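Each remark here refers to the structure printed beneath this line.
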Amino acid sequence: MRRILTFPIPFAHDKDGGRYANTWGTLIVKTPDGKWVNWSIARVMRVDGKRMVGLIVPSQHIGQIWTMQIIHIVEEPSPYTSLPGSAGVSCVSGIPIPANADEADYIGTLAGEPVPVVKAISLDLDVPATAEIVIEGHVSIERDCQEGPYGEYGGYLGEGSSAQPTFHVETITHRDDPIWPMSITGRPTDESHTLWAMGPKGGCADLSA
Ligand SMILES: Cc1cc2nc3c(=O)[nH]c(=O)nc-3n(C[C@H](O)[C@H](O)[C@H](O)COP(=O)(O)O)c2cc1C
Ligand SMILES: [Mn+2]
């Protein structure tokens with residue numbers, strides 16, 4: 001298996017806390033009862049050859065599902081996959097659709113046909129067949145790793161670093177010569193602004209709930 005340290009992950013802003021492996025990829029997580037699979041974009045920083053650390057905001061769907069894992073299966077960290085690649089998937093992963101709705105269903109409805117998916121290697125999750133790179137693993141049940149700072153979408157450096165859950169890297173699969181897409185957040189306008197604004201209610205539906 002190719003190791004994460006062998007991918008040339010760029011350093012995005014000069015005061016970032018590290019190299020950000022995920023800026024435009026989709027994080028795929030599932031509720032413990034298996035009824036809701038959420039696809040979303042959130043930043044994830046590479047830590048070393050086996051670990052990344054992701055910003056898990058409690059109000060975001062990934063944060064809601066992460067909390068369910070703490071409550072329901074205390075012994076087991078939540079599975080995740082991350083996949084840079086595929087424009088339609090990234091677009092819907094970056095906009096807020098309602099809780100308990102699968103982004104894959106939303107894309108399929110818009111496109112008029114299902115998103116082609118394949119099984120992940122080590123987890124019971126489906127990933128888009130168009131993915132360039134798929135990183136599989138588990139997320140810590142504690143905020144046990146320092147994340148950030150990171151150049152924010154407002155064009156400023158975020159408020160220092162904070163403790164966030166570790167993303168343990170377990171399996172990596174990829175195409176030959178994979179493309180590792182990025183969005184470098186900065187002063188408006190970058191992809192984070194245009195994409196979020198396309199969402200329902202201008203992108204803030206869930207954050208204001
Ligand atoms: C390029 C880009 C980067 C983003 N980074 C983050 C992030 O680091 N953390 C976060 O909570 N949301 C981030 N967002 C916003 C979320 O993707 C957006 O709120 C989305 O609705 C979250 O998915 P959810 O509705 O399934 O929770 C980013 C969006 C884009 C387009
Ligand atoms: Mn969602």
Side-chain angles (χ1 to χ4, degrees), residues 9-10 12-13 16-31 35-46 52-69 78 80-110 115 125-126 128 139 143 145-165 167 180-209:
I9 300 171
H13 316 90
D16 286 352
R19 292 176 188 270
Y20 273 78
N22 199 59
T23 58
W24 194 244
T26 293
L27 304 178
I28 300 180
V29 297
K30 184 161 67 173
T31 52
K35 290 186 177 160
W36 175 24
V37 176
N38 197 71
W39 291 7
S40 68
I41 297 181
R43 73 193 200 205
V44 180
M45 190 181 97
R46 190 184 75 190
M52 305 190 292
V53 56
L55 179 63
I56 299 213
V57 177
S59 57
Q60 299 284 56
H61 293 164
I62 192 170
Q64 294 173 24
I65 293 172
W66 184 70
T67 305
M68 288 177 205
Q69 305 274 2
S78 56
Y80 75 93
T81 68
S82 160
L83 50 118
S86 181
V89 171
S90 296
C91 285
V92 174
S93 300
I95 62 170
I97 65 169
N100 299 304
D102 288 17
E103 279 76 9
D105 293 340
Y106 187 90
I107 300 166
T109 304
L110 288 180
V115 182
L125 285 169
D126 293 331
V139 179
R143 296 187 191 271
C145 192
Q146 283 303 113
E147 188 272 347
Y150 183 66
E152 284 284 359
Y153 59 89
Y156 54 85
L157 193 72
E159 294 175 11
S161 67
S162 63
Q164 297 293 338
F167 284 41
W180 195 299
M182 288 189 79
S183 167
I184 304 204
T185 44
R187 277 194 237 169
T189 306
D190 66 46
E191 297 84 355
S192 63
H193 310 109
T194 49
L195 231 181
W196 219 10
M198 280 185 343
K201 299 185 189 170
C204 293
D206 278 2
L207 293 179
S208 62

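No hydrogens, no waters, no symmetry mates; every other heavy atom, side chains included, goes into these values. Just so you know, ligand 1 is whichever comes first in the structure, and atom 1 is the first atom listed for that ligand. Quick caveat, the model's predicted, so the values are computed rather than measured. For reference, positions follow the sequence shown, starting with 1.
Considering backbone and side-chain atoms together, Ile95 places an N or O closer than 3.5 Å to an N or O of ligand 1. Between Asn38 and ligand 1, at least one N/O pair is under 3.5 Å apart. Polar contact with ligand 1: absent for Ser192 (N/O pair, distance under 3.5 Å).
In terms of modelled atom types and a separation under 3.5 Å, the side chain of Tyr20 and the main chain of Gly148 share a donor-acceptor contact. In this structure a side-chain-to-backbone donor-acceptor pair under 3.5 Å is present from Gln164 to Ile56.
With a cut-off of 2.8 Å, the Mn ion (ligand 2) has an N, O or S atom of Asn38 in range.
If you check each of Pro181, Pro96, Ser93 against atom 21 (O) of ligand 1, the one with the closest non-hydrogen atom is Pro96. Heavy-atom proximity to atom 17 (O) of ligand 1, evaluated over Ile41, Ile65, Asp102, is greatest for Ile41.
The heavy-atom pair separating Ser183 from Thr23 by the smallest distance is N-OG1, 3.0 Å. For the residue pair Asn22 and Leu27, the shortest heavy atom distance occurs at ND2-CD2, 4.0 Å. Nearest heavy atom pair, residue Asn38 against residue Ala101, reads OD1-O, 4.5 Å. Closest heavy-atom contact between Gly18 and Met45: N-SD, 3.7 Å.
Every atom of ligand 1 with a heavy atom of Gln60 under 4.0 Å away is listed here by number and element: 10 (C), 11 (O), 12 (N), 16 (C), 18 (C), 19 (O), 22 (C), 27 (O). If you number the atoms of ligand 1 from 1 as listed, the ones under 4.0 Å from a heavy atom of Arg43 come out as 7 (C), 8 (O). If you number the atoms of ligand 1 from 1 as listed, the ones under 4.0 Å from a heavy atom of Gly94 come out as 17 (O), 18 (C), 20 (C). Residue contact check: Ser183 has heavy atoms under 4.0 Å from atoms 1 (C) of ligand 1.
With a 4.0 Å cut-off on non-hydrogen atoms, Trp24 touches ligand 1 through its side chain and not its backbone. No part of Asp190 comes within 4.0 Å of ligand 1, judged by heavy-atom distances. Under 4.0 angstrom from ligand 1, the non-hydrogen atoms of Val57 all belong to its side chain.
Sorting the N, O or S atoms of Glu103 by how far they are from the Mn ion (ligand 2) puts OE2 first. When you scan the N, O or S atoms of His61 for the one nearest the Mn ion (ligand 2), you land on ND1.
You'll find the side chain of Trp24 reaches within 4.5 Å of the side chain of Ile41, heavy atoms only.
Under the 3.5 Å distance criterion, with hydrogens and angles disregarded, no donor-acceptor pair is assigned to the side chains of Ser161 and Glu147.
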Set out, in order, the CA-CA distance, both residues' side-chain angles and the distance that settles ring-ring contact (aromatic ring centres under 6.0 Å, His included) for Trp39 and His61, then state yes or no.
CA-CA 9 Å; Trp39 291 7; His61 293 164; over 10 Å; no

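In this structure, Glu103 has a heavy atom closer than 4.0 Å to ligand 1.
Ion pairing of Glu152 with Arg187 is absent here, as no side-chain N (NZ or NE/NH1/NH2) approaches a carboxylate O to less than 4.0 Å.
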